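As structure tokens, the structure follows; a few thoughts come after it.
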Amino acid sequence: MLISFNDIQKAEESQKSYEPGVYQVRIIKVEDKVGQNSGNPYLRVTFETVGANVFEIKNNYFFTEKSLSILLNLLSAIGLYEKGASTEDLNIDNNDLLGHNLKLKLVLGEPNDQGKQYLEVKPWTCEAINEEDEIPF
């Protein structure tokens with residue numbers, strides 16, 4: 001078996017760890033999902049960081065009464081929802097979220113069964129980006 005330098009570099013990059021902090025991100029993918037155990041529907045949003053350290057991070061936004069405010073915070077940050085407005089008539093297509101830029105705070109999550117911690121989106125930390133703060137792609 002022949003392994004090229006490119007394969008080794010890709011493997012090293014996939015294991016690279018990133019620091020918690022505030023990142024500018026762009027929404028690159030939105031998927032409708034259903035929780036295996038709970039049966040609750042949710043959106044899985046994939047963000048891509050912008051700048052020197054580009055990586056992807058996924059976050060699930062559940063459609064439950066308890067979690068709805070977290071999703072509304074995201075929608076508000078990208079201009080698709082006005083805080084305090086009724087959610088009764090809220091009708092947004094997944095494609096409406098694609099390509100939007102915002103800032104997210106990423107924190108270390110709880111250790112998994114193997115003791116590893118990964119970055120995750122801290123709830124209610126989505127913020128709009130001012131044009132002067134935007135990092136060019």
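Small disclaimer: the values here were computed from a predicted structure and weren't measured.
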Can you find a heavy atom in the side chain of V50 that is under 4.5 Å from one in the side chain of Y23?
no

Show which residues join Y42 in its hydrophobic cluster (side-chain heavy-atom contacts under 4.5 Å, direct or indirect), or state none.
F62

Apply side chain to side chain contact (heavy atoms under 4.5 Å, CB included) to the pair L104 and F47, showing each step before the final yes or no.
CA-CA 10 Å; L104 294 177; F47 302 97; 3.8 Å; yes

With clusters defined by side-chain heavy atoms of hydrophobic residues (ILVMFWY) lying less than 4.5 Å apart, directly or transitively, does I57 cluster with L98?
yes

Working note: I92 + L75, criterion side chain to side chain contact (heavy atoms under 4.5 Å, CB included); need CA distance, chi angles, decisive distance, verdict.
CA-CA 9 Å; I92 296 173; L75 297 176; 3.8 Å; yes

Is it true that R44 and N60 share a donor-acceptor pair across their side chains at a distance under 3.5 Å?
yes

Quick check: do L97 and L80 have side-chain heavy atoms less than 4.5 Å from each other?
yes

Ring centroids only, cut at 6.0 angstrom: are Y118 and Y18 within range, meaning strictly under it?
no

Below 4.5 Å, heavy atoms only, C-beta onward: do L90 and Y81 meet side chain to side chain?
yes

Test item: V121 and L106 side chains (from C-beta on) under 4.5 Å apart, heavy atoms:
yes

Pairs flagged by side-chain hydrogen bond (donor to acceptor under 3.5 Å, both in side chains) wherever residues 67-76 is involved - sequence neighbours left out
T64-S67, S69-W124

Flag the pair D32 / P41 as yes when at least one side-chain heavy-atom distance between them is below 4.5 Å, and no otherwise.
no

Find out whether E120 and V107 are in side-chain contact, i.e. whether some heavy atom of one side chain is under 4.5 Å from a heavy atom of the other.
yes

Do L68 and L74 share a hydrophobic cluster (ILVMFWY, side-chain heavy atoms under 4.5 Å, transitive)?
yes

Check: I28 and E56 side chains under 4.5 Å, non-hydrogen atoms:
yes

Side chains of I27 and T46: closer than 4.5 Å at any heavy-atom pair?
no

